[in-house]
Structure formats: structure tokens, C-alpha cells
Protein chains: 2
Amino acid sequence: MRPTPSTCRNRILSKVIPLFAEKGYNRVTMREAAVEAGITAGSFYHHFPGKQALYLAAVKRAFAGRARDIRAALAGDAPPAERLRNLIHRFCLQLSRDPVFTRLIHREILDGDQGRLQLVVDAVFRDVFADVMGLCRELAPDFDPFLLCMSIVSLTVHHYQIAGMRKFLPGNRPEHDNPDIVAAHIVRLLIEGIGPRRDGAGTESFQGDLPL
Amino acid sequence: MRPTPSTCRNRILSKVIPLFAEKGYNRVTMREAAVEAGITAGSFYHHFPGKQALYLAAVKRAFAGRARDIRAALAGDAPPAERLRNLIHRFCLQLSRDPVFTRLIHREILDGDQGRLQLVVDAVFRDVFADVMGLCRELAPDFDPFLLCMSIVSLTVHHYQIAGMRKFLPGNRPEHDNPDIVAAHIVRLLIEGIGPRRDGAGTESFQGDLPL
DNA sequence: GTCTATAACATGATAGAC
DNA sequence: GTCTATCATGTTATAGAC
């Protein structure tokens with residue numbers, strides 16, 4: 001029985017995603033990707049109009065499952081703080097489990113030209129980012145929602161992006177890769193902050209001048 | 001004063017740093033770097049024992065001025081919260097002013113093999129990281145100092161690392177690149193958190209409570 | 001002594017012919 | 001598939017210019 005076109009597409013994409021993640025868009029040749037996918041370079045153009053379309057489809061697909069998870073964490077009528085907690089736990093779990101997508105985006109940020117960056121954002125991040133920003137508005141109306149959303153992304157993504165370097169920093173321990181521990185830390189930091197407890201007594205609060 | 005024999009070393013490094021930042025270690029050849037520095041490939045080996053030493057010297061030098069700044073922000077006997085504030089303001093200022101070093105490290109994280117990562121960490125980050133961790137211990141003894149330190153780095157570094165993509169996200173505004181605004185946001189988030197104020201009073205920004 | 005150019009070597013990847 | 005030519009690249013050796 002002939003394989004359905006979508007399974008063939010899926011097979012190609014699943015082979016090609018790690019390749020893009022490893023080497024980046026520019027350094028992956030269509031010939032190379034073809035070998036990986038088990039077809040010839042020319043056959044690619046039967047499934048995708050060009051290299052960029054192949055790449056976008058790969059990025060989109062790499063994010064598809066994730067986006068469902070994230071959206072699920074954001075939905076529902078739980079209190080906003082609870083939704084935040086769900087979001088960050090799922091996010092950390094995804095990032096720790098499989099670093100390929102993280103690497104893919106890491107590369108895109110570094111090497112992507114403006115046009116492709118815009119395409120990737122529109123195809124993959126725009127809607128999810130807007131959703132998280134909505135949660136931020138609900139959660140902390142007196143914060144700039146864009147900056148707060150960026151901060152949430154930074155706290156989670158960068159911690160795992162930098163994993164390869166983190167190993168060599170003084171004070172690192174194996175549990176710092178554990179998504180439950182990392183997520184709990186981030187949630188607590190976001191909700192409580194590190195400032196002196198306001199119900200506490202001896203608060204040596206800020207009394208300094210501005211720097212510079 | 002002696003006519004510093006390292007003048008030409010400095011000249012070489014200043015030419016070579018942007019090259020490594022742009023293309024990464026592996027994709028910069030000694031010949032290419034030589035052309036950029038105005039000498040030939042063989043001549044490099046009078047100044048540096050090899051490519052890796054050249055690279056390490058470049059990374060070290062790119063970080064030298066910064067490390068002084070960071071250390072200055074951490075030193076002194078100001079209250080810890082004010083030192084944190086100084087640290088983050090200077091960090092954001094550096095990151096926004098000149099993206100070359102950010103890019104250099106971004107690349108190293110992505111492409112660096114284990115050996116080189118360890119060398120870079122030992123030569124550049126280890127001590128500064130330990131200092132910031134010291135501040136974290138002082139500031140919030142009930143947090144994991146390593147995770148808190150990572151969070152501080154993530155909040156600042158990642159915001160500027162992702163600048164190229166941030167432009168295309170919904171809700172972005174020019175002021176989100178302004179280091180003063182970004183730093184103020186990060187400091188406030190770290191200190192206060194987004195949770196409900198425990199004294200139930202007003203929710204004005206952190207800056208409003210400062211005696212400026 | 002300091003810096004540089006030139007040539008050459010060793011290795012690894014790539015491409016093409018058989 | 002195998003063998004081989006070719007090329008790119010890190011590196012070394014040597015000698016010349018200031």
C-alpha cells in the first residue's frame with residue numbers, strides 16, 4: 001500500500017529537524033538533507049517548494065506538540081498563579097527532555113536573517129507568546145506585560161540553553177538539571193521575589209542611591 | 001614608558017574578536033584571521049601557540065573591561081539589594097551597548113566542545129560567577145544560590161541575546177531595548193516578584209519607593 | 001630582539017573514477 | 001563499494017626586514 005503523502009512528509013521532517021538543529025540553516029545542503037531522509041535532492045521539490053519552505057515546515061513541526069502542551073497549561077479557569085505554575089513546569093519539562101528544538105531556535109536567533117526570523121516568529125511563536133502575555137496581564141497588571149513575558153521565557157529557556165556551560169561553573173549540582181526543581185525555583189522567584197518579606201520585621205529595605 | 005610590546009597583540013585581538021563572534025571558532029580559519037589582522041597565517045604563531053590559545057585570548061580580552069565593571073558593582077559595603085541593582089544596571093548597559101561579546105558567548109555555548117567550554121569558563125566566567133553567587137547568598141539565603149545566580153544571568157543575557165527575534169513579537173516597543181528600563185524591570189521583578197503584596201497596600205513600581 | 005613572509009608538512013574531508 | 005586525486009586547514013621551519 002502506498003504511503004500517504006503526509007507520512008512521507010513526516011518521515012522527511014523527522015529526519016531533517018535534527019540536522020538543522022545540529023548545523024543550522026546555511027550549513028545544511030539539500031543533498032545532505034536528502035541523504036538523511038533517504039531520497040534524492042531533486043525529490044525534495046516534490047514535497048516542498050524550496051529549502052526555506054522545508055526549514056519552516058521543520059521548525060513548525062518541531063514546535064507543534066509543544067505548543068499544544070503550552071496552550072493546555074494556559075487554558076482553563078484555574079487561578080492565574082496556578083496556570084503560571086503549570087506553564088513553567090511543562091516548559092521546563094520539554095526543554096530538559098529534548099534539547100533539539102531549543103538548539104534549533106538558538107541557532108535561528110544567531111544565524112537567521114531578518115526575513116527568516118520574521119517567518120519563524122509568525123509561524124511558530126507569535127500566538128503562544130501572545131497567550132503568555134495575556135496571562136501576564138492577568139497576573140500582574142502593574143508590570144509591562146511584554147517584559148514580564150520575556151522574563152518568563154528567559155528564565156526557563158536560557159537555563160537549559162546554557163546547560164553545556166553550566167556544568168563547569170562552580171556550585172553546579174546534578175539536581176540543577178531536574179525540571180521539577182528548576183521549575184519550582186523559577187515559580188517561587190517569580191511569585192515571591194527575593195526581597196525582604198513584607199510581613200517580616202527587620203526589613204533593611206532599599207535606601208541606596210541610583211548607580212552611575 | 002616602554003613601548004608596550006603587546007601593542008600588536010592587542011591589534012590582532014581587536015581584529016579577531018568580531019570575526020570569532022560573527023562565525024564561531026570552527027568556521028574561522030587561521031588564514032582568514034590573518035588577513036583580517038593584516039599578517040599571514042604563519043606569523044600568528046609568534047604571538048600565540050595555536051588557534052585555541054588565540055581564541056581564548058580573544059574571549060578573555062573581550063571580557064576584560066566588563067569584568068572590571070561587574071566587580072566594581074559587586075564591591076563596596078552598600079546594602080546587598082543596592083549592589084544587585086548596580087550589577088544588573090551595568091550588565092544591561094554592557095549587553096545593549098555592544099553585542100559582540102554576547103554573540104561570542106552565544107556561539108561558544110552552541111558550538112563549543114566540552115574541552116573548550118571548560119577552558120572558557122575557567123578563564124573568564126568562573127570567578128565573576130562565584131562573586132555573584134556570593135551576593136545571592138547574602139541577599140536571599142533561603143534560595144539555592146546557584147539557581148538564583150543563573151536566573152539573574154538568564155534574565156539579563158537572554159533578553160539581549162534574543163533581541164533579533166524580539167523585534168517581531170507582538171507588543172514589542174523600542175523602549176524594550178533601553179537598558180535603564182530593562183534593568184529597572186528585572187530588578188523590580190527579582191526583588192518584589194509578581195505575587196500579591198502582602199501588606200495589601202498600593203502596587204506602585206519599585207522605583208517609586210526609592211528615595212531618589 | 002621582534003615581527004613577518006614564504007614554503008612546506010600532516011591530516012582530514014570531499015569528489016570523482018573505477 | 002573502493003581507490004585516488006584534490007583541496008582546505010592547522011601547524012612548523014626557516015629566513016628576511018625593521
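Side chains are part of it too, since the values below use all heavy atoms of this structure and drop only hydrogens, waters and symmetry mates. So that the names make sense, note that chain A is the first sequence line, chain B the second, and so on, each numbered from 1.
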*With the threshold set at 4.0 Å, does a side-chain nitrogen-carboxylate oxygen contact exist between B/Asp142 and A/Arg188?*
yes
*With sequence neighbours left out, which residue pairs that include part of residues 12-29 of chain B fulfil the salt bridge (charged side-chain N to carboxylate O under 4.0 Å, His left out) condition?*
B/Glu22-B/Arg103, B/Lys23-B/Glu32
*Separation of atom NZ in B/Lys23 from atom C1' in D/dT9, rounded to whole Å*: 13 Å
*asked:* By the salt bridge (charged side-chain N to carboxylate O under 4.0 Å, His left out) test, which pairs, at least two apart or in different chains, include something from residues 154-170 of chain A?
replied: A/Arg166-A/Asp177
_Separation of atom CZ in B/Arg27 from atom C1' in D/dA8, rounded to whole Å_ = 15 Å
*Nearest-Å distance, CZ (B/Phe44) to P (C/dC3)?*
14 Å
_Testing the 3.5 Å rule here: is there a donor-acceptor pair between the side chains of B/Ser43 and B/Thr40?_
yes
Pick out the pairs of N or O atoms, protein on one side and nucleotides 5-11 of chain C on the other, that lie under 3.5 Å.
residue: C/dA5; atom: OP2; partner: B/Thr40; partner atom: N; Å: 2.7
residue: C/dA5; atom: OP2; partner: B/Thr40; partner atom: OG1; Å: 3.3
residue: C/dA5; atom: N7; partner: B/Ser43; partner atom: OG; Å: 3.2

*Any salt bridge between A/Asp113 and A/Arg116, counting N to O under 4.0 Å?*
yes
*D/dA8 C1' sits how many Å from B/Glu32 CD, rounded?*
12 Å
_If the cut-off is 4.0 Å, is B/Tyr45 near the phosphate of D/dT11, judged by side-chain N/O to OP1 or OP2?_
yes
*Pair A/Arg66 + A/Asp98, salt bridge at N-O below 4.0 Å*: yes
